[in-house]
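One structure below.
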Amino acid sequence: MFKKLKNHAYYYLSLFLILFFGFLLAFLSSDKQFQMLVIVVTSFSYVGWGILHHYLYHELSPKIMVEYVLIGAFGATVIFFLLKGGFGL
């Protein structure tokens, strides 16, 4: 397990930074449209980075792509409703 973590440390660090700064930007902003934009961009970045990682280091399959898209969509949906009580669009 630690060998896998060591071999992909930059991947995990960059993924953590994408998610951390995306959430931080959305949470600290009071503009609802900007929050939504940040969450969508962060979700797309997560999906893109995960698919790219599997393409480069593993065998990419449609199942993995669907998994990343569903997790990204689910995460964005949860954050939409958690941040400041949801969006009153």
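The figures that follow rest on heavy atoms only: side chains count, while hydrogens, waters and symmetry mates do not. Along the sequence shown, residues carry numbers from 1.
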Report the C-alpha separation of Trp49 and Leu52 in whole Å, then their side-chain angles, then the decisive distance to 0.1 Å, and conclude whether the side chain to side chain contact (heavy atoms under 4.5 Å, CB included) test is met.
CA-CA 5 Å; Trp49 195 240; Leu52 178 67; 3.4 Å; yes

His54 vs Tyr68, test: side chain to side chain contact (heavy atoms under 4.5 Å, CB included). Steps then yes/no.
CA-CA 11 Å; His54 278 275; Tyr68 272 100; 3.3 Å; yes

Please check if the side chain of Ser14 supplies one atom and the backbone of Tyr11 the other of a donor-acceptor pair under 3.5 Å.
yes

Are the side chain of Gln35 and the backbone of Ser30 linked by a donor-acceptor contact shorter than 3.5 Å?
no

Checking side chain to side chain contact (heavy atoms under 4.5 Å, CB included) for the pair Phe23/Val38: CA distance, chi angles, key distance, verdict?
CA-CA 8 Å; Phe23 180 76; Val38 168; over 6 Å; no

Do the side chains of [X] and [Y] join up, straight or via other hydrophobic residues, at under 4.5 Å, putting them in one cluster?
X     : Y     : value
Val41 : Met36 : no
Phe16 : Leu24 : yes
Phe27 : Phe20 : yes
Ile64 : Leu70 : no
Leu15 : Val69 : yes

Supply the atom-to-atom distance [X] [atom1] to [Y] [atom2], rounded to the nearest 0.5 angstrom.
X     : Y     : atom1 : atom2 : answer
Phe34 : Leu28 : CZ    : CG    : 10.0 Å
Ile79 : Leu19 : CD1   : CG    : 9.5 Å
Lys63 : Glu67 : NZ    : CD    : 7.5 Å
Ser43 : Ile18 : OG    : CD1   : 11.5 Å
Lys32 : Leu37 : NZ    : CG    : 15.0 Å

For Gly22 versus Thr42, what's the shortest heavy-atom pair and its separation?
CA-OG1, 3.2 Å

Stepwise side chain to side chain contact (heavy atoms under 4.5 Å, CB included) test for Phe81 and Thr77
CA-CA 7 Å; Phe81 290 104; Thr77 302; 4.0 Å; yes

